[in-house]
Amino acid sequence: TTFQNYFRLYGKLSGMTGTADTEAFEFRQIYGLEVLVIPTNVQQQRDDMNDVVYLTVEEKFDAIVEDVRECMQSGAPVLVGTASVETSEAMSTRFRKAKIEHKVLNAKYHEQEAEIIAQAGRPGVVTIATNMAGRGTDIKLGDGVEELGGLHVICTELHDSARIDRQLVGRCGRQGDSGTWRQFLAVDDDILIEGYGPKRAKRVGRRLQRQLDSHPERLLAFFKRAQQRVEARHRRQRRALEYMERQKAESHIQMSQDPYLDAAS
């Protein structure tokens with residue numbers, strides 16, 4: 001049974017999340033639910049820093065290490081978000097070599113994650129989280145962190161869904177707290193291959209290399225378009241699975257109501 005069919009067993013449906021607006025069309029199409037956006041209780045203070053694009057993943061990782069170093073010098077806490085366990089472990093290896101003390105959340109230690117993420121807002125703390133492991137626990141800023149600019153969130157790559165990216169960014173600047181975030185991308189990121197396919201991704205990569213220094217806004221458009229293509233594919237897969245499950249259910253009902261089958265039994 002798919003989630004879609006399971007949820008429809010209930011007479012009433014509702015929910016609350018900070019990122020539902022991204023999927024408003026699918027909520028309406030599948031469940032007939034409208035998404036209502038409620039303004040924040042306190043005006044947002046988060047500083048959205050400019051995205052940066054690098055030629056290779058290695059160069060991107062080096063830049064992330066330097067960004068974390070700068071935050072450590074000021075004492076500001078850092079949350080590094082990754083889209084996979086492999087990336088989180090690669091970043092952890094880089095941090096160890098750079099002698100940067102840090103914690104890693106990648107769903108391997110469930111019982112510890114809530115406590116680790118709760119402490120991620122303390123001065124000088126560096127935390128790596130995969131797909132926002134430990135979410136559901138508020139990150140409260142430690143003493144003096146507000147004056148340091150708040151929690152600094154680093155997005156190491158685009159996720160398959162923009163909604164997950166927004167969940168990561170939303171960990172800073174909550175309830176009027178100060179906070180900053182920056183996205184680091186590379187021409188050979190997996191999202192380009194997933195979005196365009198291996199052959200076209202190579203052509204796109206060569207084009208991005210030529211525009212690396214001259215047209216940063218165009219580079220970001222390529223990444224966002226790749227992410228949208230991945231999201232559309234996943235949406236089609238969910239719809240196909242939902243259709244198959246519904247066909248099975250209808251077939252089962254028809255068979256149970258067949259008088260010839262009743263007579264045979």
Side-chain angles (χ1 to χ4, degrees), residues 18-19 40-42 44-52 54 57-159 164-185:
T19 54
T40 55
N41 178 46
V42 184
Q44 181 181 293
Q45 302 294 328
R46 185 172 59 234
D47 180 15
D48 300 340
M49 306 175 74
N50 291 333
D51 299 340
V52 285
Y54 294 89
V57 169
E58 295 299 312
E59 292 177 5
K60 177 178 71 171
F61 284 172
D62 289 341
I64 292 172
V65 170
E66 290 306 311
D67 195 34
V68 173
R69 280 187 193 276
E70 292 180 10
C71 290
M72 291 185 67
Q73 289 174 1
S74 68
V78 184
L79 177 65
V80 182
T82 67
S84 67
V85 173
E86 291 76 16
T87 303
S88 71
E89 292 179 344
M91 287 305 318
S92 180
T93 300
R94 291 291 185 115
F95 287 170
R96 285 197 299 271
K97 288 181 179 179
K99 294 182 171 52
I100 296 175
E101 189 175 340
H102 62 283
K103 300 282 188 181
V104 180
L105 299 178
N106 52 21
K108 287 187 176 181
Y109 308 102
H110 299 285
E111 64 282 356
Q112 302 174 14
E113 291 196 351
E115 178 61 24
I116 292 173
I117 202 70
Q119 303 298 321
R122 296 174 62 188
V125 172
V126 178
T127 309
I128 302 174
T130 302
N131 273 345
M132 274 323 302
R135 60 188 170 193
T137 304
D138 259 347
I139 300 177
K140 295 183 179 179
L141 300 185
D143 294 338
V145 171
E146 185 79 26
E147 291 72 26
L148 298 173
L151 177 68
H152 180 52
V153 170
I154 293 176
C155 308
T156 61
E157 55 194 324
L158 288 181
H159 290 78
I164 305 299
D165 292 332
R166 293 184 63 195
Q167 288 177 347
L168 173 61
V169 174
R171 299 315 297 263
C172 69
R174 299 170 71 89
Q175 293 294 325
D177 289 342
S178 58
T180 58
W181 78 279
R182 169 166 278 167
Q183 196 159 251
F184 290 79
L185 305 171

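The structure presented is a predicted model; accordingly, all values stated were derived computationally and were not measured.
Residue pairs meeting the ring-ring contact (aromatic ring centres under 6.0 Å, His included) criterion with at least one member in residues 61-87: none, sequence neighbours excluded. Pairs passing the salt bridge (charged side-chain N to carboxylate O under 4.0 Å, His left out) check and including a residue from residues 92-101, sequence neighbours excluded, read E58-R94, D62-R94.
Applying the ring pair (Phe, Tyr, Trp, His ring centres under 6.0 Å) test to F95 and every residue at least two apart in sequence or in another chain returns H102. Applying the side-chain contact (heavy atoms from CB on, under 4.5 Å) rule to T40 yields no partners; only residues at least two apart in sequence or on another chain are considered. In this structure, the side-chain contact (heavy atoms from CB on, under 4.5 Å) partners of Q44, at least two apart in sequence or on a different chain, are R46. For E157, the side-chain hydrogen bond (donor to acceptor under 3.5 Å, both in side chains) partners at least two apart in sequence or on another chain are T87. Applying the side-chain hydrogen bond (donor to acceptor under 3.5 Å, both in side chains) criterion to D177, with sequence neighbours excluded, gives no partner residue. Residues satisfying the side-chain hydrogen bond (donor to acceptor under 3.5 Å, both in side chains) test with E146, not counting sequence neighbours, are S178. The salt bridge (charged side-chain N to carboxylate O under 4.0 Å, His left out) search around K103 returns none, not counting sequence neighbours. When the side-chain hydrogen bond (donor to acceptor under 3.5 Å, both in side chains) test is applied to T156, no partner is found at least two apart in sequence or on another chain. Applying the side-chain contact (heavy atoms from CB on, under 4.5 Å) test to R122 and every residue at least two apart in sequence or in another chain returns Q119, V125. Residues passing the side-chain contact (heavy atoms from CB on, under 4.5 Å) test with Q183, sequence neighbours excluded: D51, C155, L158, W181, L185, K224.
Contact between A76 and G150 at its shortest, heavy atoms only, is CB-O, 4.1 Å. Across every non-hydrogen atom of P77 and G121, the tightest pair is CG-O, 3.6 Å. Closest of all the heavy-atom pairs between S92 and V104 is OG-CG2, 3.6 Å. Across every non-hydrogen atom of R182 and N50, the tightest pair is NE-O, 3.0 Å.
To the nearest 0.5 Å, the span separating CZ on F184 from CE on M49 amounts to 8.0 Å. The CD1 atom of I154 sits 11.0 Å away from the SG atom of C172 when rounded to the nearest 0.5 Å. Residue T82 holds its OG1 atom at 9.0 Å from CG of L168, rounded to the nearest 0.5 Å. Going from atom CE of M91 over to atom OG1 of T130 covers 11.5 Å, rounded to the nearest 0.5 Å.
In this structure, the side chain of R171 does not engage the main chain of Q167 through any donor-acceptor pair within 3.5 Å.
When each of T127, I139, V78 is paired with L151, the side chain to side chain contact (heavy atoms under 4.5 Å, CB included) condition holds for I139 and for no other. With L79 as the partner, the side chain to side chain contact (heavy atoms under 4.5 Å, CB included) test is satisfied by one option alone out of I128, L105, I117: I117.
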